[in-house]
Visitor: 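First, the structure itself, so that you have it in front of you.
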Amino acid sequence: MMINKELVLTYLYILIYILLSSGVILYNKWVLSPKYFDFPFPITLTMIHMGFSGVVAFFLIRVFKVVAPVRMTWQIYATCVIPISAFFASSLWFGNTAYLHISVAFIQMLKALMPVATYLMAVTCGTDILRCDVFLNMVLVSVGVVISSYGEIHFNIVGTLYQVTGIFAEALRLVLTQVLLQRRGLTLNPVTSLYYIAPCSFLFLLVPWLLLEQPMMQISQIQFNFWIFFSNALCALALNFAIFLVIGRTGAVTIRVAGVLKDWILIALSTVVFPESAITGLNIIGYAIALCGVVMYNYLKVKDVRASNQLPVENIPERAIKDWKFDKKSYDHYSDDEKNVNHIVGNGGSGGGSISDPGGDEEAPLFPATRLSHIGRTLLKNTQGLVDKY
């Protein structure tokens, strides 16, 4: 029996994505939790990630010249990158703070709200229209999350509010990315995203850090282990590239399915790694209801893309595989057909911790799949885009 090497390699990439995505979330929880590593400073941890990512991106672009920077003007930076970085920093700050108050399993269940938040922000900003079928799916998702919350044994209102606020901040960031960057025809791959957004996000986090955490760190007996924080930041950075790699070989629909599998594995695994985070039957029932709503929502979005473009939803884009590399060309404009696809996909397909994300993946929300890169334009013609936070 002949083994298809390409297929094996594809499954290997998907496995790496699931391991990295789950690992980063569990790692962050372990570092921040007072019961384990006991470093209860989520802003500091996020700033370490941003600083590390920015430095790596600088070396890749300016020193090793792996990719060329985009043609960024001060006007575009001030009107586009700065607002997006502000909401990106906020989503990371609030999302990581939630680890101090609620369990990983419950956080994953709350992330099912990501499509709801993204859709509401898109409608509010005028990039999507209010539709009855989508609205009913959003109600179903919300009901499922409410049931799951009701069944949470260690429910904490503070942690829940932090997580939900982080979800809405990420949703607004995704919509702003479409409105401010995509409509200008500006493409950002993972490296250029880190290069421009990470330093700006670091500066935004500096203000709350000086006000909230820096005074506490002076009076607290904190432990700083270089290898712990280095490996943590390295995993978060690797996840960004893993998402890009999986979509490049398969497509965004595949990574959605992988995201669903990852969420269920993570919920089960978190109860083993952190025994205090028990889950109940009502948790599972509520999450299953919410997941059904998310699945239907994404089905409607895929259906919209197919109807408007008359293209297959999912296949392995051979042309993208041939072009799989960091192209030196990093600035282009989109055709009208591509803009139409972006309008449909970008409005609600980006998103949260169930199948609407990995970008929304809180582990790696630096770039939505609808604008992954120069190569991403090719993928978008064949698949629907979407990328949970670290």
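All figures in this text were calculated on a predicted structure; none of them were measured in a lab.
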Visitor: Are there more than 12 heavy atoms of other residues, nucleotides or ligands under 6.0 Å from atom CZ of Phe59?
Guide: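 For Phe59, atom CZ is not crowded (no more than 12 foreign heavy atoms under 6.0 Å).
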Visitor: At what distance, to the nearest 0.5 angstrom, does OG1 of Thr165 lie from CD of Glu170?
Guide: 13.5 Å
Visitor: Taking atom OH as the centre, does Tyr36 end up with more than 12 heavy-atom neighbours from other residues, nucleotides or ligands that are less than 6.0 angstrom away?
Guide: yes
Visitor: Given side chains that start at C-beta, do those of Ile228 and Trp30 come closer than 4.5 Å, heavy atoms only?
Guide: yes
Visitor: Name all residues meeting the side chain to side chain donor-acceptor pair (under 3.5 Å) criterion together with Tyr195; count only those two or more places apart in sequence or in a different chain, and write none if there are none.
Guide: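 Arg62.
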Visitor: How would you list, by chain and number, every residue that makes a ring-ring contact (aromatic ring centres under 6.0 Å, His included) with Phe39, sequence neighbours excluded?
Guide: Phe41, Phe229
Visitor: Would you find more than 12 non-hydrogen atoms of other residues, nucleotides or ligands less than 6.0 Å from Tyr299 atom OH?
Guide: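 Atom OH in Tyr299 is not packed in, count stays at 12 or less.
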Visitor: Taking the side chain as every heavy atom from C-beta outward, state whether Met114 and Leu174 have any atom pair closer than 4.5 Å.
Guide: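 Of all side-chain heavy-atom pairs linking Leu174 with Met114, at least one is under 4.5 Å.
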Visitor: Are Tyr99 and Phe155 linked, directly or through intermediate hydrophobic residues, by side-chain heavy-atom contacts shorter than 4.5 Å (ILVMFWY only)?
Guide: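 Yes, same cluster.
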Visitor: Output all residues satisfying side-chain contact (heavy atoms from CB on, under 4.5 Å) with Val134, sequence neighbours left out; order by chain, then residue number.
Guide: Tyr119, Arg131, Met138, Tyr297, Leu300
Visitor: Return the minimal non-hydrogen interatomic distance between Leu110 and Thr160, and the atom names on each side.
Guide: CD1-CG2, 4.1 Å
Visitor: Nearest heavy-atom pair of Leu140 and Cys292: which atoms, and what distance?
Guide: CD2-C, 4.4 Å
Visitor: Do you know the tightest heavy-atom contact between Val24 and Ala236?
Guide: CG2-N, 3.8 Å
Visitor: Rounded to the nearest 0.5 Å, how far does OG1 of Thr97 lie from CD1 of Ile43?
Guide: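 Answer for the CD1-OG1 pair, Ile43 versus Thr97, is 6.0 Å.
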Visitor: Membership question, hydrophobic clusters at under 4.5 Å side-chain separation (ILVMFWY): are Val191 and Tyr77 in the same one?
Guide: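 Both belong to a single hydrophobic cluster.
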Visitor: Which other residues end up in the same hydrophobic cluster as Leu136, if Ile, Leu, Val, Met, Phe, Trp and Tyr are linked when side-chain heavy atoms come under 4.5 Å apart?
Guide: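 For Leu136, no cluster forms, as it stays isolated from other hydrophobic side chains.
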Visitor: Are Ile107 and Val272 connected into the same hydrophobic cluster when the rule is that any two of I, L, V, M, F, W, Y join if their side-chain heavy atoms are below 4.5 Å apart?
Guide: no
Visitor: Could you name each residue pair satisfying side-chain hydrogen bond (donor to acceptor under 3.5 Å, both in side chains) that touches residues 138-152, not counting sequence neighbours?
Guide: none
Visitor: Report the residues that fulfil side-chain contact (heavy atoms from CB on, under 4.5 Å) with Lys35, sequence neighbours left out, ordered by chain and then residue number.
Guide: Ser33, Glu276
Visitor: Counting only heavy atoms not in Phe52, do more than 12 sit closer than 6.0 Å to its CZ atom?
Guide: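 Atom CZ in Phe52 is crowded, with more than 12 foreign heavy atoms closer than 6.0 Å.
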Visitor: Would you sort out whether Met50 and Leu92 count as a side-chain contact (heavy atoms from CB on, under 4.5 Å), showing the intermediate values?
Guide: CA-CA 10 Å; Met50 292 298 95; Leu92 298 181; 3.8 Å; yes
Visitor: Between atom OG of Ser53 and atom CG of Asn240, what is the distance when rounded to the nearest 0.5 Å?
Guide: 6.5 Å
Visitor: With a 4.5 Å cut-off on side-chain heavy-atom distances among I, L, V, M, F, W and Y, is there a chain of contacts connecting Leu172 to Leu161?
Guide: yes
Visitor: Any link between Leu266 and Leu15 through a network of hydrophobic side chains (Ile, Leu, Val, Met, Phe, Trp, Tyr) touching at under 4.5 Å?
Guide: no
Visitor: Just how far is it from atom SG of Cys80 to atom CD1 of Ile84, taken to the nearest 0.5 Å?
Guide: 6.0 Å
Visitor: What residues, two or more places apart in sequence or in another chain, satisfy side chain to side chain donor-acceptor pair (under 3.5 Å) together with Trp209?
Guide: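 Side chain to side chain donor-acceptor pair (under 3.5 Å) check on Trp209 returns Thr44.
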Visitor: With heavy-atom distances below 4.5 Å as the criterion, would you say the side chains of Asn283 and Met109 are in contact?
Guide: yes
Visitor: Might you work through the side-chain contact (heavy atoms from CB on, under 4.5 Å) test for Thr192 and Ile197, ending with a clear yes or no?
Guide: CA-CA 8 Å; Thr192 52; Ile197 294 176; over 6 Å; no
Visitor: Is the CE atom of Met217 crowded by more than 12 outside heavy atoms at less than 6.0 Å?
Guide: yes
Visitor: My understanding is that only residues two or more places apart in sequence, or in another chain, count here; which of them pass side-chain contact (heavy atoms from CB on, under 4.5 Å) with Ile153?
Guide: Ala278, Thr280
Visitor: Report yes if the side chains of Leu194 and Phe241 come closer than 4.5 Å at any heavy-atom pair, otherwise no.
Guide: yes
Visitor: Between Leu45 and Asn232, does the side-chain contact (heavy atoms from CB on, under 4.5 Å) criterion hold? Intermediate values first, please.
Guide: CA-CA 9 Å; Leu45 183 65; Asn232 183 260; 3.6 Å; yes
Visitor: How many angstroms lie between atom CD of Glu213 and atom OG1 of Thr46, to the nearest 0.5 angstrom?
Guide: 8.0 Å
Visitor: As a quick check of understanding, evaluate side-chain contact (heavy atoms from CB on, under 4.5 Å) for Leu180 and Thr79, giving each step before the final call.
Guide: CA-CA 8 Å; Leu180 299 178; Thr79 59; 6.0 Å; no
Visitor: Please name all residues satisfying side chain to side chain donor-acceptor pair (under 3.5 Å) with Asn137, sequence neighbours left out, ordered by chain then number.
Guide: none
Visitor: Identify the heavy atoms of Ala98 and Gln163 that sit nearest to each other, and give their distance.
Guide: CB-OE1, 3.5 Å
Visitor: Test salt bridge (charged side-chain N to carboxylate O under 4.0 Å, His left out) on Lys301 and Asp128; report intermediate values, then the result.
Guide: CA-CA 12 Å; Lys301 287 297 177 181; Asp128 206 343; 3.0 Å; yes
Visitor: Tell me if the aromatic rings of Tyr287 and Trp264 count as close, with their centers under 6.0 Å from one another.
Guide: yes
Visitor: Report the distance from atom CD1 of Ile18 to atom OH of Tyr11, rounding to the nearest 0.5 Å.
Guide: 11.0 Å
Visitor: Considering non-hydrogen atoms only, spot the tightest contact between Thr271 and Ser277 and give its length.
Guide: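 Heavy-atom minimum between the residues: CG2-O, 3.2 Å.
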Visitor: Would you please name every residue forming a side-chain contact (heavy atoms from CB on, under 4.5 Å) with Ala89, sequence neighbours left out?
Guide: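 side-chain contact (heavy atoms from CB on, under 4.5 Å) list for Ala89, sorted by chain: Ser201, Phe204, Leu205.
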Visitor: Of all residues at least two apart in sequence or in a different chain, which pass the side chain to side chain donor-acceptor pair (under 3.5 Å) check with Ser231?
Guide: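 With neighbours one apart ignored, the set is Tyr27.
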Visitor: Measuring only between side-chain heavy atoms, which start at C-beta, is Phe37 closer than 4.5 Å to Asn225?
Guide: yes
Visitor: So, for Leu32 and Leu100, which heavy atoms are closest and what is the spacing to 0.1 Å?
Guide: O-CD2, 3.2 Å
